[in-house]
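Here the structure comes first, spelled out in structure tokens, and everything after it is commentary.
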Amino acid sequence: MARQDQRLGRWMVLPLILLLVAVQGYPMAFAVYISAHDYRLTALNEVRWVGLEQYRGLLGNSSYWTAMRNTLVFVFGAVGLELLLGFLLAYLLWRPVPAQNLFRAILLTPMFVTPIAIGLMFRFLLNDQLGIIPVWLRTIGVEIDWFGPNLALFSLILIDIWQWTPLMVLLLLAGLEALPVEPFEAARVDGASELQMIRYLVLPLIRPVMLAAILIRMLDAFRVFEYVYAITRGGPGERTETILFHIYRVGFLYFRLGEAAAMAVTLAGVIFALVVLLFRTLRRQEAIA
């Protein structure tokens, strides 16, 4: 009976697998194909095989490495701070507080707004000449150029934190509410402090959920495009040019789709390596638990 159920389950999943192959498999295969060709939108009749030449060209492409570095700084900075703030807020909301459901609803609101709208909103809020936030800061003698060369990428990280920390809160709060009650009751009877319970009970028990939340947010953060497009367009200079925006620029503004596809393939490789690393860490934590 169990084997029949498993066979039925596989047949029911088969349409979804075929749909994924059709929707995602073909574009990925085509990207790999054109990455090995000199494929330009302005010369579609002159497509020629170049093999790994475009991948070798990336090794000396300073703009590509700058975009990759900016993306990694953005991903690790944003996801790391979102994890920290998300855990603190989730832990506070886990405790019974007045108007708890209202606080949760307000806290989750930013993640339901489209990123392009968020980008445009902060573009005007933080504008050095028109933005209300710089005006308020000047009244107390603080002058900050949020989109200057030194702070532009950090400002994008803060915007991402503002919008997506609620998702981290939602995931971690679900994990906290699924924890067993008995260990915490025993710890209170033994006189454990709040910090001791967080260190020795909450963090070890919720670690698999935290790793899953990091994986979800990391995959989404690598796709950052809307903030850059709406606010900085990669500037000043290349300070905020992320890899996805750089691929867009090379492929759709300079029409070098073969080179852009090679960048996309290498980005997919980096993401795949990080996903495998996180999955192995997650399985190791589950085995220990």
Side-chain angles (χ1 to χ4, degrees), residues 23-35 39-41 54-55 57-82 110-111 113-123 147 149 151-164 167-168 214-278:
V23 174
Q24 295 186 350
Y26 172 75
M28 292 176 65
F30 185 70
V32 174
Y33 169 78
I34 65 174
S35 71
Y39 195 99
R40 291 170 292 163
L41 289 177
Q54 294 187 126
Y55 292 95
L58 295 180
L59 296 176
N61 189 333
S62 60
S63 296
Y64 167 78
W65 290 108
T66 298
M68 186 66 78
R69 184 197 64 204
N70 290 341
T71 302
L72 291 174
V73 170
F74 179 88
V75 170
F76 287 104
V79 175
L81 291 173
E82 285 165 12
M111 74 180 198
V113 184
T114 59
I116 191 71
I118 295 292
L120 291 172
M121 179 181 73
F122 276 99
R123 177 182 177 180
F147 299 127
L151 286 179
L153 185 58
F154 179 70
S155 298
L156 295 185
I157 291 174
L158 290 181
I159 294 170
D160 190 81
I161 291 171
W162 183 85
Q163 181 170 22
W164 293 113
L167 177 61
M168 193 71 75
I214 291 172
L215 177 62
I216 293 171
R217 270 302 300 135
M218 184 189 73
L219 291 175
D220 189 55
F222 265 106
R223 299 187 299 108
V224 59
F225 176 83
E226 294 90 343
Y227 302 148
V228 181
Y229 183 83
I231 301 174
T232 64
R233 299 295 176 96
E238 296 180 344
R239 296 298 179 93
T240 61
E241 184 157 320
T242 59
I243 187 62
L244 209 61
F245 189 81
H246 186 65
I247 292 172
Y248 157 78
R249 187 192 296 275
V250 172
F252 295 100
L253 297 183
Y254 305 152
F255 307 116
R256 302 198 301 265
L257 278 186
E259 183 181 347
M263 295 178 185
V265 171
T266 58
L267 175 62
V270 171
I271 295 174
F272 179 76
L274 291 173
V275 169
V276 170
L277 179 62
L278 281 174

So does Gly235 get a backbone contact from the side chain of Thr240, meaning a donor-acceptor N/O pair under 3.5 Å?
yes

Would you confirm whether Asn70, through its side chain, and Thr242, through its main-chain N or O, come within 3.5 Å as a donor-acceptor pair?
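Checked: no pair found.
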
Is the number of heavy atoms from other residues, nucleotides or ligands under 6.0 Å of [X] [atom1] greater than 12?
X      : atom1 : value
Met28  : CE    : no
Phe225 : CZ    : yes
Phe30  : CZ    : yes

Do the ring planes of Tyr248 and Phe245 sit parallel (below 30°), tilted (30 to 60°) or perpendicular (above 60°)?
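The arrangement is tilted - the two ring planes meet at 30° to 60°.
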
Side-chain H-bond candidate by donor/acceptor type, Tyr227 with Thr232, under 3.5 Å
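Side chains of Tyr227 and Thr232: no pair found under 3.5 Å.
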
Pair Ser35-Tyr55, side-chain donor/acceptor within less than 3.5 Å:
yes

For a quick test of reading the model, state the closest non-hydrogen atom pair linking [X] to [Y] and the distance between them.
X      : Y      : value
Glu226 : Pro115 : CB-CB, 3.8 Å
Ala221 : Val79  : CB-CG2, 4.1 Å
Arg249 : Arg233 : NH2-O, 3.1 Å
Ile116 : Ala230 : CD1-CB, 3.6 Å

Enter the distance from [X]:[atom1] to [Y]:[atom2] here, rounded to the nearest 0.5 Å.
X      : Y      : atom1 : atom2 : answer
Arg217 : Glu82  : CZ    : CD    : 4.5 Å
Leu278 : Leu274 : CG    : CG    : 7.0 Å
Phe76  : Ile214 : CZ    : CD1   : 10.0 Å

